[in-house]
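This structure is a prediction, so every number in the text was calculated from the model and none was measured.
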Protein chains: 2
Amino acid sequence: MTKPTDSELEILRVLWSNGPSSVRLVNDKINESKETGYTTTLKIMQIMAQKGLVERDETSRTHIYRAVAQKGQVQEAMVDKLLDMAFGGSSSQLVLSALGRGKTSKEELDQIKELIKKLEDGDQ
Amino acid sequence: MTKPTDSELEILRVLWSNGPSSVRLVNDKINESKETGYTTTLKIMQIMAQKGLVERDETSRTHIYRAVAQKGQVQEAMVDKLLDMAFGGSSSQLVLSALGRGKTSKEELDQIKELIKKLEDGDQ
DNA sequence: AAAGAATTACGAAATACTTCGTAGTAAAAT
DNA sequence: ATTTTACTACGAAGTATTTCGTAATTCTTT
């Protein structure tokens, strides 16, 4: 599975949150935050289909695209790359940087503490 | 400060860990993991100097480059981008993904727990 | 001093990604 | 039935990045 480019990721985000969608819908969503021509979005989605990042249902004239690349996998690949490229592979350094700016709520911190507890229990 | 490209980041990594260096040294370091022509590295470092990512001392014939972009800042920018692009801005989701594959040592987990404690104390 | 090696500068090709215009066709509206 | 609108396909230009070859210069070795 090829790694998505930035534009491709933007499209995947829409497909992940909205489910299988037409180019029109994806383009509209993207245009909420950024002006992009319809054919630009179309073209990128066609390329994504070639790469296998998405699949499309061509039954009706308006093709419906769905994400093949799954959110968790793509996230994991991106975290791996970031770890490798900027944190010397140390996940704790990355975590410290992600937490180290006070934008994390109490609830989120609790979640993280719970995961750490699980990891510690599982390890022994 | 422009965001470094992948190749530029590779060079910055060498400068961060080795301190101010010649093109030759940077290229040698990079070639430990990946074959790259000397003039390729040179060219990119020249571009980086134009962009202000590095500065160079031209006193002697062999120019010495030093990183202007600081490690922490670049890391933070990259984490921000990743958060935005792939985790809907939720740092806890990113943290969970980074920790959720068991490659984190007990010591690292302890470090993270400590930071969480500090954050919790600071927040009330 | 001459030859060889190392270095910088720079242009240009190669690659990857993004953007858009145009043409063709199908569907919908009048 | 005709016009208008919506959609796909596709080529090509635009932009960013990477890679490399060549020329000019300086330093080092012989």
- Query: So which of residues 34-48 of chain A are in contact with DNA chain D, with a heavy-atom cut-off of under 4.0 Å?
  - Reply: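 Residues of residues 34-48 of chain A under 4.0 Å from DNA chain D: A/Tyr38, A/Thr39, A/Leu42, A/Lys43, A/Gln46.
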- Message: Just checking A/Glu58: does its CD atom have more than 12 heavy atoms from other residues, nucleotides or ligands closer to it than 6.0 angstrom?
- Response: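 Above 12, so yes.
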Protein and nucleotides 24-30 of chain D: nitrogen or oxygen contacts under 3.5 angstrom:
unit_1 : atom_1 : unit_2  : atom_2 : d
D/dT26 : O2     : B/Arg61 : NH2    : 3.2

- Query: Any idea which of D/dT17, C/dT8, C/dT7 is nearest the B/Arg24 side chain?
  - Reply: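 Output: C/dT7.
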- Task: Report the nucleotide, chosen from D/dT19, D/dT8, C/dT8, that has the shortest atom-to-atom distance to any side-chain atom of B/Ser7.
- Result: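 Nucleotide nearest to B/Ser7's side chain: D/dT19.
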- Among all residues two or more places apart in sequence or in another chain, which pass the salt bridge (charged side-chain N to carboxylate O under 4.0 Å, His left out) test with B/Asp6?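 In terms of salt bridge (charged side-chain N to carboxylate O under 4.0 Å, His left out), with neighbours along the sequence ignored, B/Asp6 is linked to A/Lys81.
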[X] [atom1] to [N] [atom2], straight-line distance once rounded to whole Å:
X: A/Asn31; N: C/dC20; atom1: CG; atom2: C1'; result: 14 Å
X: B/Glu58; N: C/dT8; atom1: CD; atom2: C1'; result: 10 Å
X: A/Leu9; N: C/dT18; atom1: CG; atom2: C1'; result: 15 Å
X: B/Arg56; N: C/dT7; atom1: CZ; atom2: P; result: 14 Å
X: B/Glu8; N: D/dT19; atom1: CD; atom2: C1'; result: 14 Å
X: B/Asp6; N: C/dA16; atom1: CG; atom2: C1'; result: 12 Å
X: B/Lys3; N: D/dT17; atom1: NZ; atom2: P; result: 7 Å

- Query: Which pairs pass salt bridge (charged side-chain N to carboxylate O under 4.0 Å, His left out) with one or both residues in residues 9-23 of chain A, sequence neighbours excluded?
  - Reply: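 For residues 9-23 of chain A, and leaving out neighbouring residues, the salt bridge (charged side-chain N to carboxylate O under 4.0 Å, His left out) pairs sorted by first residue read A/Glu10-A/Lys34.
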With sequence neighbours excluded, what pairs up with [X] under the side chain to side chain donor-acceptor pair (under 3.5 Å) test?
X: A/Asp28; answer: none
X: A/Asp80; answer: B/Arg101
X: B/Ser92; answer: A/Glu108, B/Ser90
X: B/Ser33; answer: none

- Message: Closer than 3.5 angstrom, by distance alone: can the side chain of A/Asn27 be matched with the main-chain N or O of A/Thr36 as a donor-acceptor pair?
- Response: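 Yes, A/Asn27 side chain to A/Thr36 backbone: donor-acceptor pair under 3.5 Å.
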Per-pair distances, 0.1 Å, donor-acceptor, side chain in residues 19-26 of chain A, under 3.5 Å, sequence neighbours excluded:
unit_1  : atom_1 : unit_2  : atom_2 : d
A/Ser21 : OG     : A/Gly19 : O      : 2.5
A/Ser22 : OG     : A/Leu25 : N      : 3.2

